Amino acid sequence: MASPIPSPGFGVYVHVPFCSRRCDYCAFATWTDRHHLMGDYAAACVAEIARATSAGELDAATSVFFGGGTPSLLPAEELAAILAAIAKAPGAEVTVECNPETVTAELLACYRSAGVTRLSFGVQSMAPHVLASLGREHDPAAVTRAVALAGDAGYGDSYSVDLILGAAGESIADWEATLAAVLALDPAPAHVSAYSLTVEPGTPLAKDPQRAPDPDDQADKYLLADQVLSDAGLSWYEVSNWSRPGAECRHNQLYWTQGPYRGIGCAAHSHALVAGGGSRRWWNVRTPDRYINLVSTGASTVAASESLPATARALEALQLSLRTAAGVPADALPSAEEDPALEDLVVYAGGRAVLTPAGRLLANEVSLRLRDPAASR
Amino acid sequence: MSDAAPMDRIRNLSIVAHVDHGKSTLSDRILELTGAVDARDMREQYLDSMDIERERGITIKAQNVRVGWKGHTIHLIDTPGHVDFGYEVSRSLAACEGVVLLIDAAQGIEAQTLANAYQAIENDLEIVCALNKIDLPAADPDRYAAEIESVLGIPGDQIIRMSAKTGVGVTDLLDAICERIPPPAGDPTAPLQGLIFDSYYDQYRGVVSAVRIMQGVLRPDVKLRFMQAGRTHEVEEVGVRTPLNTPVAALGPGEVGYLIAGIKDVGEARSGETVTEAARPAAAPLEGYRDPKPMVFCGLYPVEGDDFADLREALEKMRLNDASVTYEPETSGALGFGFRCGFLGLLHMEIVRERLEREFDLALIATAPSVEYRAHLTDGGQVEVHNPSEMPPPQKLESIEEPFLQATILSPTEYTGTLMDLCQSRRGDMVRMEYLSPERLELVYRIPLAEVVMDFFDALKSRTKGYASLDYEEAGWEQADLVKIDILLNGVPVDAFSAIVHKSQAQEYGRRMTEKLRELIPRQMFDVPIQAGVGGRIIARETVKAKRKDVLSKCYGGDITRKRKLLEKQKEGKKRMKNIGRVEVPQEAFIQALRLEE
């Protein structure tokens, strides 16, 4: 089946596992007490890149993404050194996730000269009490300031804002105000990601059922976000992502089209296509200490891997594509007559089935109704 | 004969006591004092052989043991202390000349103990009364001795004061047993008459029966005639429990022991059976006693449909040991294939279910317990209803009768008001009220069995801080205004949730069940109405609102594998759900909804 999105190229993900404090909802591989490892860690990333390059595992990157953790906590020259080690295709997209309170003019100038093309700010909310409830360190003023600096540094059209909806104590009015405040930022964002707060096992949030998000409240807020963002000219292109035309995150699209990518650093995931239509995924060890150690001794950093046969991969392709504005071929789903539950969840147009806003909220349920290509062929 | 003392120095007795009044501890102490069990082999509740008996601290099966004391042979027949197993007590009494009435010196006599004491008096048995637990700070032996004297007419100075825990007074009790309980009588030369008062199934030996010899001598290697069953079996082994099974050459009149005769089915060696020698039979069997009758019914279904055959096998084996369990196959639209099972009472039901799950490694769903109803039809016919689904439709129904009990409650007088409230709210009619002493009251109510089956006992205990006790006996049938409630899921009736209740309680039952199900049924892709209806009229309704959100918010490089696995799990989960009226119902919802109220 032809992918509706043109061949997306090759991505490199670099994981930066350092934070100044851990947010209550976060289950990512990140540490607040290992800052002393930053230098060694950056060096280990450079070493892994060199090794992967010489092994022929790295194509020229069409996109690079520094995620975390808090990549902007890493000294800019360390980040620049890692980026410099990666071979990039012309016009490559290079994104760095930043926490607003860490952003300075010097940092952004350094990013600019290193070749960073895109910033992603972890804003989460513009309501101080909601930020506090999420365990975040910044206030809305820090966002305004960081965005202004981004505009000054030439990122006015290429920065994104991450939001979280459904935190304890967040009213519908708070959420509406957050959306309005984000759209009123100067310069205005070309890209917004809005995620429903998810309770991950083992987090402080999971231990406090009082703060568990209410799915109906989240549904209301999601629909509101879709409305407000669309009205502002940002169209949805994946369940949790909206952008101005052309400002979509290419790196993330690579994930959703099962493209190849290579993860660098601890806990980073990689994906490589194999002959015959299957693919292989693997991921690195979780802690920075073990990662640094393994790289320095020349040992493999892989923690585990899985092979995906072509058949399973074909179903997964549908599951991923269903979450995007591209949708799936219409015949991949039962018709609304065959399954009345799909009535308001999917629209069929141009031979494709695409989720409605209500359908995006129930994407898992719709996914379960996808015809398995392996079963029908 | 065996090595028993001469007949005039044999003493056969049962210890009659309420749960928790220390019967098993006393048995333990006697085993120790008489040297039957070495101190180093001693463990608590020695005679309770089932794990479940030790865990719950109750005795379920009657056990017997032979001990020696100062030239006497004492046969101790341990009996269950819960009202569900009352029939076992009457069996045991038939094998005795006396009873030890064991009463907690901090609580006084309880309803069932009193009922058993009356039974012992009717059977002309000698009563040795002992107040136990005098070591407790709350013990008040003088007060309870006075109460016993006034209720049972046992002189206060004859009541032994003891502590099975510390051992104080236990030798006095053993001496009193030897002095006061009369020896058995019987003619060793007469044709054999042996009374079987308990049987259990041993997987290696077959049925092992506890037997009391009334007349004649029982020897191995003879052919025995089981007079009621009309079957003949070759005796393989005769012995006594000391407490380990010890073969003997013969059991003479007055002796208690066990008998193994290659029997595979407990039903052929029922309690109350008379055994005699086939070659020289007794003229008539001993007076038997009636079989226990199941009073409470429920459906048992395997959680996994594939386990149906295993459940059948488990029930077959369970019945080898406990002939009071009945079962027959039934089918439920919601739960699949299972069995309608009958039990002596709620505790019995819980215990059987727990043993099935534990000993046979089964996961079971039990439907709400129900009693047996008699439906009289407009055409003059009559139907026995053990299951709400057997209830004839209203237009064919002339009237329904339900079984009644006469319930006796003993309680401190301060709880009189709350107990009368409880009994009235359970449709009880007072028969009489009597003061046993200024502080203690006997209340007798006529009350529907169905009301007692639900959670009466727990309510009784919680309203009286555990001080009230209950005994009951069957008291016939009575017509009542009963209705069948159906629970509908998305408009489709779910047979597993149906119930027969009194009209006055229909609303409450419907409301409770629909509310419970609203909590238990996961949100679906559409609004799911949950209704309770009586004969087509809806009396309660709840709605499980359609779910609006089921999506993984983030889906980046590291999430993709996780997302695929999540979807696979969700798909597996859906397969395991029952589909009723397009509603996906997890097994857990059935288990939780049908669980009895705590």
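We name chains A, B, ... by the order of the sequence lines, and we start the count at 1 in each one. Small disclaimer: the values here were computed from a predicted structure and weren't measured.
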Handout entry: Part of T198(A) within contact of chain B (heavy atom distance under 4.5 Å)
Key = side chain
Problem - F497(B) CZ to L594(B) CG distance, which is reported to the nearest 0.5 Å - result: 5.0 Å
Exercise for the section: Verify the ring-centre separation between Y222(A) and W242(A): is it less than 6.0 angstrom? Expected result: yes
Problem - Carboxylate-amine/guanidinium proximity below 4.0 Å for R281(A) and E316(A) - result: yes
Handout entry: Neighbour count >12 (heavy atoms, 6.0 Å) for atom CZ, F337(B)
Key = no
Problem - T30(A): partners by side chain to side chain contact (heavy atoms under 4.5 Å, CB included), with sequence neighbours left out - result: C19(A), R22(A), C26(A)
Problem - Option from V12(A), I264(A), V14(A), T95(A) for which side chain to side chain contact (heavy atoms under 4.5 Å, CB included) with F66(A) holds - result: V14(A)
Handout entry: Parallel, tilted or perpendicular: rings of W256(A) and Y556(B) (30°, 60°)
Key = tilted
Completion exercise
residues 302-309 of chain B vs chain A, non-hydrogen distance cutoff under 4.5 Å, contacting residues -> none
Practice task
Taking atom CG of D361(B) as the centre, report whether more than 12 heavy atoms of other residues, nucleotides or ligands fall under 6.0 Å from it.
Solution key: no
Problem - When V239(A), N252(A), L320(A), L362(A) are compared by non-hydrogen pairs under 4.5 Å with chain B, the top option - result: L362(A)
Exercise for the section: Identify the residues of residues 563-573 of chain B whose heavy atoms come closer than 4.5 Å to a heavy atom of chain A, ordered by number, or report 'none'. Expected result: K563(B), R564(B), K565(B), L566(B), L567(B), Q570(B), K571(B)
Problem - Under 4.5 Å from any heavy atom of chain B - which part of N241(A) - result: side chain
Exercise for the section: Assess the pair Y255(A) and H269(A): is the distance between their ring centroids shorter than 6.0 Å? Expected result: no
Exercise for the section: Tell me, for L223(A) versus chain B, whether the close heavy atoms (under 4.5 Å) come from the side chain, the backbone, both or neither. Expected result: side chain
Problem - Contact winner vs chain B - Q218(A), R360(A), E306(A), H251(A), heavy-atom pairs under 4.5 Å - result: E306(A)
Problem - Lys/Arg cation over aromatic F526(B): R582(B), 6.0 Å, 45° cone - result: yes
Completion exercise
The salt bridge (Lys or Arg N to Asp or Glu O under 4.0 Å) partners of E365(A) (sequence neighbours excluded) come to R369(A), K547(B), K574(B)
